[in-house]
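All of these numbers come straight from a predicted model, not from anything done at the bench. We name chains A, B, ... by the order of the sequence lines, and we start the count at 1 in each one.
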Number of protein chains: 2
Amino acid sequence: MASVQHVGILRGMSSKPGARPARRSAAEPASTGLRERILSATRELLRERRFDTLSVADILTAAEVSRASFYFYFPSKQAVLGELVRDAVAQGQQAADPWIGGSQDPVAALRAGVRDGARLWRDNAGILMAIVESQGSDEGLRALWLEQMDLFTDAAAARIESDPQVRGRLGDMDVRAVAASLTWMGERLYYLAAAGVPPFDDERVLVDVLTNAWASILYGRPVAPPNPTPRAEQV
Amino acid sequence: MASVQHVGILRGMSSKPGARPARRSAAEPASTGLRERILSATRELLRERRFDTLSVADILTAAEVSRASFYFYFPSKQAVLGELVRDAVAQGQQAADPWIGGSQDPVAALRAGVRDGARLWRDNAGILMAIVESQGSDEGLRALWLEQMDLFTDAAAARIESDPQVRGRLGDMDVRAVAASLTWMGERLYYLAAAGVPPFDDERVLVDVLTNAWASILYGRPVAPPNPTPRAEQV
DNA sequence: ATATCGTCCATACACCGTGTATGGTTCTCC
DNA sequence: GGAGAACCATACACGGTGTATGGACGATAT
């Protein structure tokens, strides 16, 4: 029944009905475009509340926008979230694929990538948690998220393919599948960290574990954390 | 605002208001207890529909039960799901922790455990998908799921601790964290498989990848799939 | 046998959230 | 000075949830 519509959501995100705002004569330097107001109000609300506890009415109040205006710019609450997600992911796109530049030590580069991911999630916790949680309720958001994860997977898979060492280690295993599993493991752990679930709420633990997993699977070596808190010295 | 209530959900699941049903004089051998009817009707509906597209009204129709009766047995739709989840997990509890009995080859045992997990998810796809997806909307279900995952994590952590080989390999890494990451990676991949997301919708790929991940992280060795479809021979 | 309790049903209702519709205002640009 | 863009207030239809209310029937207790 609820199946093939919803295409509008992805569209609705970039459709700007008009370009220039106007009104509010002289008074109230309150703001620029309502559209932006809605976006940032939502972003702000998401910092303290879960997406599903948020009603359009809440956003309306926070953004000081009328109901009619809201629905003029966005087809739904979900569309707003969709745009926020795209923004967040795009913003941290370079942080996207692990081992960015060809650093000398691949594991160190890997760790840096993982850490970037952690920061991205920390800075956009509410938004990213929201879309992960909306997987079950909204077709459009589900598709959007799968799409984003696919990008990450592509990057990882390409990296794996390009490294004969790693590629060989994986034998006749499905490379894309391995890449995808790594991506999704990250997604899950970052989410749990954002949700405050121990032990992942400790960023150091999170990064260690994730880095170790990637390194073990790809390079076959366990990773001693580079900054051992329990054990001092030894830079 | 929505914070500290909801304790009732976990309670509500096991509270059987009465024990023996009665009514329906002679006609309609239709059924036994309404409670069971509700449960299995929901289970059945979940086989084709996502939980959030399900209304109590739908369940009512499917179970041929009145609204009043429903709320007599369950405080909410979520409570029904909660009970279904408990049942499902308990049913496959033995399949719960990987490497069950002390099989000779630890990796083979691991693979068997992973496969059991896959089956559990296949048999209860709708229910398990539902609870994963409800993480964002319901406090009670979130707690329930975290609790279940904790059980799995406990089992894995205990196993790790008991094996000096593995324990040593992990160095000064947080063992529970590693165990938890393995658990959650599984949760994610099983979920994606159930949702039909490639490449995990292929059970063989799923099992291979997961087994390889566990083996790589714990035993430091990549795993060649035991039943290579691409390459024949070599039992 | 009658009271009462537990199981169940039908129906109705209060409440809240969503998305749409209507009609009106003010500003800009042609 | 008229068209139209960018807004606002309000109201409403719709659908879902959870809570009555009132009543029927069978079982058990008195």
Between [atom2] of [N] and [atom1] of [X], the distance in whole Å:
X: A:Glu64; N: D:dC7; atom1: CD; atom2: C1'; result: 14 Å
X: B:Phe72; N: C:dC5; atom1: CZ; atom2: C1'; result: 11 Å
X: A:Glu36; N: D:dC7; atom1: CD; atom2: C1'; result: 16 Å

Once rounded to the nearest 0.5 Å, what's the spacing between atom CG of A:Leu146 and atom CD of A:Gln135?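 Reported to 0.5 Å precision, the distance equals 6.0 Å.
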Supply the atom-to-atom distance A:Asp52 CG to B:Asp52 CG, rounded to the nearest 0.5 angstrom.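 The CG atom of A:Asp52 sits 11.5 Å away from the CG atom of B:Asp52.
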Electrostatic pair [X]:[Y] at N-O distance under 4.0 angstrom:
X: B:Glu139; Y: B:Arg142; value: yes
X: B:Arg119; Y: B:Glu203; value: no
X: B:Arg176; Y: B:Asp150; value: yes

Interface polar pairs with nucleotides 15-21 of chain C, N/O, under 3.5 angstrom:
residue: C:dT18; atom: OP1; partner: A:Val56; partner atom: N; Å: 3.4
residue: C:dT18; atom: OP2; partner: A:Val56; partner atom: N; Å: 3.2
residue: C:dG19; atom: OP2; partner: A:Tyr71; partner atom: OH; Å: 2.9
residue: C:dG19; atom: N7; partner: A:Arg67; partner atom: NE; Å: 3.3
residue: C:dG19; atom: N7; partner: A:Arg67; partner atom: NH2; Å: 2.7
residue: C:dG19; atom: O6; partner: A:Arg67; partner atom: NE; Å: 3.4

